[in-house]
Amino acid sequence: LIDTLPQTLIWSDDVLSVLDQRALPKKIEYLHLLHIEDAHFAIKTLAVRGAPAIGVAAAYALAQSMQDSKLQDQEFHQQLMANATYLKSARPTAVNLAWAIDRVVAAYQEMPYKRTLVDCAQAIHQEDLAISLARGEHGAPLIQPNWSVLTHCNAGSLATSRLGTATAPMYTRHQQGIAFSVFADETRPLYQGARLTTWELEQAGIDTTLICDNMAASLMASGRIDMALVGTDRVTANGDVVNKIGTLNVAILCRHFDIPFYVACPSSTFDPATPRGQDVVIEQRDRDEVIGRHSTALKVLNPAFDVTPHELVTGIITEHGICAPSELRRQLSDLQ
Ligand code: MRU
């Protein structure tokens, strides 16, 4: 479906390489992450980004970091735990990072061989591919013929292993031959919408228009947006949605203009251990991302994510189907 796009992550000969998203769309370059510090840096600086993709990257990085270890038994396990903690510290908000690392550690504890680590990371990667196809199938019918869909940030192929989160229903609907268009918020300050989402969707042949973040209200007021569809870095137990800063603005606007606001994610983005969105650590990033390096006097705030209360979310699309945010907990626990 989107075979023209370069792979976000490649695992080959026990080395993880990631497409450097900081350089896109100008350059297509891969970073070969030979050491755990390289992986930590790549995640922290958003060379690899998006909740599912950083989970997959961290799982591989953890596995890779232990392959040449000469440590045995208890000492091996201690080093594995230390590396896991270090990788988790790269970014705090997306639960997929900790989820994937914990899964690799648990697999090793169950079957303590070095290759277990690699096998588990590969399984997480493969599952992410399959899950995105299922999410696309469930979400595609929500996009009615000739509708315009607003999206924010990049919740696309680049942020996952394949079809993306918010973009999965778009790619699937496009493949079904249904005409629709997308408005992509540019997504200040790092322009994931302008640099990444437009680049992806255009290559797939989807009619895409870039807008500044502050244009959505006016487009909605003139009836030009039919639904909003975004990804998420964490859905808390009560269904609150944590996603790229500016998502809350879109959700509030949708409520005002009576436009459906949907969120798409893998079920691994659900965090039942955190009660509400306000309990999530919101990553605070460097001031330079907002103001550049030239002005040192100004006070600058740069929170990378915000919390959309569950009341503003029409539905959450996962590989299991679509449900109200308050239903997600029950739906996922029924499946276990
Ligand atoms: O800071 P980023 O670019 O990693 O933020 C990504 C997002 O906010 C996405 O919407 C999110 O990870 C969900 S979908 C992949």
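Read the numbers this way: they start at 1 and go in the same order the structure lists the ligands and their atoms.
Between the side chains of Thr236 and Asn238, at least one donor N or O lies within less than 3.5 Å of an accepting N or O. Side-chain N/O atoms of Asp226 and Gln144 include no donor and acceptor closer than 3.5 Å.
Its side chain within the 4.5 Å cluster rule, Ile252 clusters with Leu248, Leu312 among the Ile, Leu, Val, Met, Phe, Trp and Tyr residues.
The shortest distance between side-chain heavy atoms of Arg135 and Thr172 does not fall below 4.5 Å.
A distance limit of 4.0 angstrom between heavy atoms and ligand 1 selects the residues Leu46, Arg49, Gly50, Ala51, Pro52, Arg91, Cys153, Asn154, Ala155, Ala159, Thr165, Gln192, Gly231, Thr232, Asp233, Asn243, Lys244, Phe305.
When the side chain to side chain donor-acceptor pair (under 3.5 Å) test is applied to Glu186, no partner is found at least two apart in sequence or on another chain.
Residues in residues 48-100 take part in these ring pair (Phe, Tyr, Trp, His ring centres under 6.0 Å) pairs, two or more places apart or across chains: Trp11-Tyr60, His40-Tyr86, Tyr60-His125, Phe76-Tyr108.
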